[in-house]
Amino acid sequence: MSLDIVKLAAFAKEQGFIYPGSEIYEGIAGVYDYGPLGVELKRRLADLWWRAMVQLHENIVGLDSAILMHPRVWEASGHVEAFHDPMVDNKVSKKRYRVDTLIEEYAQRLEEKARRETEKKLRKKGAPLHRLEEEVQQQKDFQRAQLLKDRLSQALARKDWAALTSLLQEEQIPCPESGSTEWTPVRQFNLMFSTHLGPLAEEAQEIYLRPETAQGIFVDFPLVLRTGRLKVPFGIAQIGKAFRNEIVARQFIFRMREFEQMEMQFFVQPGTEAYWYEVWKEKRLRWHLHLGLKPELLRFKDHEHLAHYAQAATDIEFAFPFGFRELEGIHSRTDYDLSRHAAFSGKRLEYYDETQAQSYVPYVIETSVGLDRLILAHLSQGYTEEMAPTAEGGEELRIVLKIHPLIAPIQVAVFPLIRKEEFVQKARLLYEELRFFFMSAYEEKDSIGRRYRRYDAKGTPYAITIDGQTLEDETVTIRDRDTLQQVRVPMSQVRAYLGERLEVAHWLRTL
RNA sequence: GCGGGAGUAGCUCAGCCGGUAGAGCAUCAGCCUUCCAAGCUGAGGGUCGCGGGUUCGAAUCCCGUCUCCCGCUCCA
């Protein structure tokens with residue numbers, strides 16, 4: 001399984017889709033660059049998202065907020081708290097845990113055990129079970145659990161990691177995996193990147209690179225509302241970079257330290273959020289399917305443990321080479337964010353609803369796609385090794401990137417069948433015309449078969465060849481990447497032929 | 001951070017019982033080619049991850065170090 005992702009990464013690098021970051025300096029873990037083909041793919045996917053979300057919805061507008069935001073934003077959003085997890089490693093099992101969940105779960109197990117035993121005791125004595133809650137307070141495991149939780153919350157409040165280290169030690173908290181009680185010291189992981197605002201390090205204020213783009217939308221909510229003449233329900237969409245200091249950034253571009261999100265926050269009247277949640281689940285899934293992701297490789301996965309801001313949450317998961325993983329999150333965020341920002345900023349972040357004749361803090365439905373993950377999904381689904389016929393009548397392995405024509409970095413390639421002046425001239429002429437409309441390429445080197453294969457690997461859906469017949473009747477062949485079938489089309493109709501297949505409007509109309 | 005794997009040409013790798021680097025593909029120039037890659041001729045390209053040690057001599061042996069990849073936690 002994981003071998004496939006290594007192979008895909010090598011392919012992506014070789015073809016110029018994705019390079020390891022800073023490679024000549026031996027690389028930098030979890031950071032990747034988009035090469036000439038990758039940047040096209042990325043721009044196209046982002047563009048199709050933008051058009052489907054903003055251009056096609058009269059009640060959705062765009063935004064491009066800054067990566068740097070006021071530090072209080074991240075206190076209000078809950079990230080300062082949630083993203084500073086103290087962690088420990090177990091020396092025997094080599095597993096890493098968040099200290100708080102480790103201790104809480106242990107305490108919970110103790111409580112459950114206490115309840116079971118107290119219940120058994122009560123049954124034995126024939127005492128009424130309604131006294132269970134009262135009796136269990138006296139049980140020693142239960143009391144120990146309470147003590148653990150107290151000490152945990154005290155240490156967390158003081159950010160006293162040494163105290164947590166000794167708590168683990170003194171209370172002999174076992175590793176759920178190995179049962180071992182040998183722990184490394186507790187260390188804090190800060191998942192947010194910090195930097196300094198102001199050039200003088202001593203005087204500068206520490207600020208964060210945004211860990212998600214959503215907060216820019218919430219913070220600008222009153223401004224967009226005022227200038228956009230918007231009425232609930234309405235949405236604000238944004239594409240942009242976000243940064244997370246992942247403990248381990250792995251699996252190629254699946255989890256990167258610097259990544260790009262495409263988010264849309266949809267503001268609705270409280271009470272209607274369940275309806276809109278369903279609407280957006282359906283719309284977003286349809287968008288992915290319309291771009292050619294296979295239904296059997298997509299699924300919804302509802303969250304069992306909800307984040308601090310969420311009322312309901314589901315993921316659109318994609319079957320990556322390493323398994324089903326989150327591609328897009330659709331969350332019902334309630335009024336959490338706007339209310340928090342209202343509280344922290346002291347500003348009123350309410351909406352006056354004329355039809356209701358009242359003000360309220362709108363509820364929010366969020367759709368959030370990882371653009372890099374989306375790219376990985378299309379690359380991994382599209383990467384195909386298959387047998388193809390050879391000139392000698394045999395079969396040979398062909399590597400072809402079967403991605404949707406609309407997102408292909410190079411949409412059409414033009415070849416003269418042979419490198420003779422008449423062929424070359426005509427081919428150049430056609431290429432130079434087509435490039436006004438499509439991302440085009442021209443190639444005259446190597447045999448025709450070889451050129452086809454080269455562009456197959458780049459995902460180019462159409463290849464046009466100028467042959468002997470072109471010189472006689474001005475027709476060319478257009479060859480399809482996936483079927484290898486050719487059609488003969490008059491030179492004058494090539495643009496229309498390609499337009500039907502590569503025009504974004506057609507795609508939007510059928511969405 | 002812990003465990004595992006790996007660093008030699010742009011790519012895939014060989015060379016590793018020490019004697020001063022090689023293949024295929026790719027690239028470039030030319031020739032040949034009338035529809036599905038690897039035909040011919042020629043050319044360019046390597047501080048063998050980095051540092052130190054042993055040795056007359058290290059890609060090869062020893063020590064150290066760095067980086068990347070995979071797994072563990074988390075998420076877009």
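Naming convention: chains lettered A, B, ... in sequence-line order (proteins, then strands); numbering from 1 in each chain. Here the structure is a predicted model, which means the values were calculated and not measured.
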For A/Phe300, does the six-membered ring have the charged nitrogen or CZ of A/Lys281 within the cation-pi criterion, i.e. under 6.0 angstrom from the centroid and within 45° of the normal?
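Output yes; distance and angle both within limits.
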Please determine if A/Arg481 forms a cation-pi arrangement with A/Tyr455, meaning its NZ or CZ atom is less than 6.0 Å from the six-membered ring centre and no more than 45° off the ring axis.
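The answer is no, since A/Arg481 fails at least one limit relative to A/Tyr455.
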Which residue, A/Phe259 or A/Arg451, contacts RNA chain B at a nucleotide closer to its 5' end, judged by nearest heavy atom?
A/Arg451
Below the 4.0 Å mark, does B/C69 have OP1 or OP2 next to a side-chain nitrogen or oxygen of A/Tyr32?
yes
Using only side-chain N and O atoms of A/Lys13, determine if any of them is under 4.0 Å from OP1 or OP2 of B/G10.
no
Could you check how far CD of A/Glu443 sits from P of B/U33, rounded to whole Å?
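One finds 20 Å between P of B/U33 and CD of A/Glu443, rounded.
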Distance check needed: B/A76 P versus A/Met256 CE, whole Å only.
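Distance, rounded to whole Å: 15 Å.
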Determine the interatomic distance between P on B/A76 and the same-named atom on B/G1; round to the nearest Å.
26 Å
Could you give the distance separating B/G19 and B/C61 at their P atoms, to the nearest angstrom?
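Nearest-Å result for B/C61 against B/G19 at atom P: 11 Å.
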Does the base of B/C36 carry an N or O that pairs as donor and acceptor with the side chain of A/Arg398 under 3.5 Å?
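Between B/C36 and A/Arg398, which were checked side chain against base, a qualifying N/O pair under 3.5 Å is absent.
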Is there a Watson-Crick or G-U wobble partner for B/G19 with both distances under 3.5 Å, and if so, which one is it?
B/C56
Between A/Phe318 and A/Phe320, ring centroids under 6.0 Å
yes
Less than 6.0 angstrom separating the ring centers of A/Tyr462 and A/Phe438, yes or no?
no
